[in-house]
2 protein chains.
Amino acid sequence: MSLKYALLGFLTTEPASGYQIAQEFGDSMGWFWYASHSQIHPELQRLAARGLVTSEVSDTDGRGTRVYSITPAGEAELKEWLAAETEYPPVRDPERIRLIFADMLEPADIRAHLEQHRKHHEALLDGYLAQLREVLRGTFPRLRKRLAARPRQSHQLVAGLKVLALQGNVDRARSEIAWAEDALLWLNSIEAAERADGC
Amino acid sequence: MSLKYALLGFLTTEPASGYQIAQEFGDSMGWFWYASHSQIHPELQRLAARGLVTSEVSDTDGRGTRVYSITPAGEAELKEWLAAETEYPPVRDPERIRLIFADMLEPADIRAHLEQHRKHHEALLDGYLAQLREVLRGTFPRLRKRLAARPRQSHQLVAGLKVLALQGNVDRARSEIAWAEDALLWLNSIEAAERADGC
DNA sequence: GAACCCATGTAAGTTGTTACATGATTGA
DNA sequence: TCAATCATGTAACAACTTACATGGGTTC
């Protein structure tokens, strides 16, 4: 049930509409926690019903956008969750489980999977690095907003944590890419041995 | 829908009961794909209804254990899935999302999370390394069974893929541990700066 | 006026968790 | 005989996905 807290956390930076949140949870925020709009809207309604957020229909854009703000009760519940121990979900890795049974495939098909794996994590890495650059340059919009609402002596901590999280994802992506490349080299040697064996 | 294929894959090594599968999916197999018995039993029933597995009540143990075996249709569907492109699930990282909002916590609470993170991945690493040692020594039971059922010239591939998958998990765990350690060092410097600031 | 973005929602279905329920066998 | 392990299941619920549905505003 982390979506709830991801939403509350998001709203501690600034009030936002469901649409706006959905955009970011499919974009920059989605690098940490993805959610679709059809999950976000009902969850915001539940949070409002529990008094953890309030909502107002804004007239400024003439479109009747519903803007959510976090309440003190919401902040309290968020802090409680932040301090609590993380419950790590069980491992479910669709690529590794495939690899284990991939001995039923031709080496060429295994190669395709490893190349896809590298490509997938290269795309993630590009996203992480782009965001990391913006954060380090101080041009990342959501971080600027978050810093603006906080005392100067906490700025190092706020920005540092964001960098840390991104750096962790960068490391992870690089580790997956390096692994896939090693795996491809190993596969070459297997294929060479197979050809030498004469088939 | 990978559980289905994880079960079919499991049964390509040897026929097994739901209980046996549940043990391994919470244990060695669980390092790649965890599932509980209450999910496994109904799924096996569905697979049996679709003719992808057959089941027989074994009398040998006097306990009426239901043993499932994969059918040619099941193997065909498994191979199809193995060759298909992996659909990577969206990122949902309960620790990183916490970290991003952790600027609302005291540094001591952040420290506790980073230490928990390191500990969590150290525990995973221990499991991966233990299994890797067994695989490399040739004493890992399920790998022995899988090799026994396959032609000698494929042994390198079968064992190699298993090593590869484990090595990937080892790399990932090490990357998380190294990251957590760097993060703890950074947190030290933040705390030192805070104390120097005088509070 | 067609296509696209803004904006919010519901409904049906799948996947996974937690708890409940049962009964046989084994070992201390 | 008590506890643990073996063995299979169901029910209720929570989380998430996909598809459907609607309507205003903007741009070509």
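We name chains A, B, ... by the order of the sequence lines, and we start the count at 1 in each one. Model, not experiment: these values are computed from the prediction.
- The side chain of B:Ser17 contributes no N or O atom lying less than 4.0 Å from OP1 or OP2 of D:dA7.
- Nucleotide D:dA14 holds its P atom 12 Å from the NZ atom of A:Lys4, rounded to whole Å.
- Residue A:Tyr19 places none of its side-chain N or O atoms closer than 4.0 Å to OP1 or OP2 of C:dT8.
- Atom CD1 of B:Ile40 is separated from atom P of D:dC6 by 15 Å (rounded to the nearest Å).
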Could you list the protein-to-nucleotides 16-18 of chain D atom pairs, N/O on both sides, closer than 3.5 Å?
{"from": "D:dC16", "atom 1": "OP2", "to": "A:Gln39", "atom 2": "NE2", "distance (Å)": "2.9"}
{"from": "D:dC16", "atom 1": "O5'", "to": "A:Gln39", "atom 2": "NE2", "distance (Å)": "3.4"}
{"from": "D:dC16", "atom 1": "O3'", "to": "B:Arg92", "atom 2": "NH2", "distance (Å)": "3.2"}
{"from": "D:dT17", "atom 1": "OP1", "to": "B:Arg92", "atom 2": "NH2", "distance (Å)": "3.1"}
{"from": "D:dT17", "atom 1": "OP2", "to": "B:Arg92", "atom 2": "NH2", "distance (Å)": "3.0"}
{"from": "D:dT18", "atom 1": "O4", "to": "A:Ser38", "atom 2": "OG", "distance (Å)": "2.7"}

List the atom pairs, with distances to 0.1 Å, where a side-chain N or O of residues 46-54 of chain B and a protein N or O form a donor-acceptor pair under 3.5 Å, not counting sequence neighbours.
{"from": "B:Arg46", "atom 1": "NH2", "to": "B:Glu43", "atom 2": "OE1", "distance (Å)": "3.0"}
{"from": "B:Arg50", "atom 1": "NH1", "to": "B:Glu77", "atom 2": "OE2", "distance (Å)": "3.4"}
{"from": "B:Arg50", "atom 1": "NH2", "to": "B:Glu77", "atom 2": "OE1", "distance (Å)": "3.1"}
{"from": "B:Arg50", "atom 1": "NH2", "to": "B:Glu77", "atom 2": "OE2", "distance (Å)": "3.1"}

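- Contacts between residues 41-57 of chain B and DNA chain D, defined by a heavy-atom separation below 4.0 Å, involve B:His41, B:Gln45, listed by number.
- With sequence neighbours left out, A:Arg111 forms a salt bridge (charged side-chain N to carboxylate O under 4.0 Å, His left out) with A:Glu191.
- Distance B:Tyr68 OH to D:dA7 P: 13 Å, rounded to the nearest Å.
- Side-chain contact check for A:Arg146 and A:Thr12: at least one donor-acceptor pair (N or O, by modelled atom type) lies under 3.5 Å.
- Judged as a salt bridge (Lys or Arg N to Asp or Glu O under 4.0 Å), the pairs with a partner in residues 7-23 of chain B (not counting sequence neighbours) are, in order, B:Glu14-B:Arg142, B:Glu14-B:Lys145.
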Could you list the donor-acceptor pairs under 3.5 angstrom formed between side-chain atoms of residues 30-42 of chain A and any protein atom two or more places apart in sequence or on another chain?
{"from": "A:Trp31", "atom 1": "NE1", "to": "A:Gln131", "atom 2": "OE1", "distance (Å)": "3.3"}
{"from": "A:Ser36", "atom 1": "OG", "to": "A:Ser38", "atom 2": "OG", "distance (Å)": "3.3"}

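- Under the 3.5 Å distance criterion, with hydrogens and angles disregarded, no donor-acceptor pair is assigned to the side chains of B:Ser2 and A:Arg92.
- Remark: B:Lys119 does not engage A:Glu85 in a salt bridge, criterion side-chain N to carboxylate O under 4.0 Å.
- Mapping B:His37 and B:Gln23 onto DNA chain D via the closest heavy atom, the residue that lands nearer the 5' end is B:Gln23.
- Counting to the nearest Å, the C1' atom of C:dC6 and the CZ atom of A:Arg66 are 16 Å from each other.
- Taking the ring axis of B:Trp179 as reference, the NZ or CZ atom of A:Arg172 does not stay both within 45° of it and closer than 6.0 Å to the ring centre.
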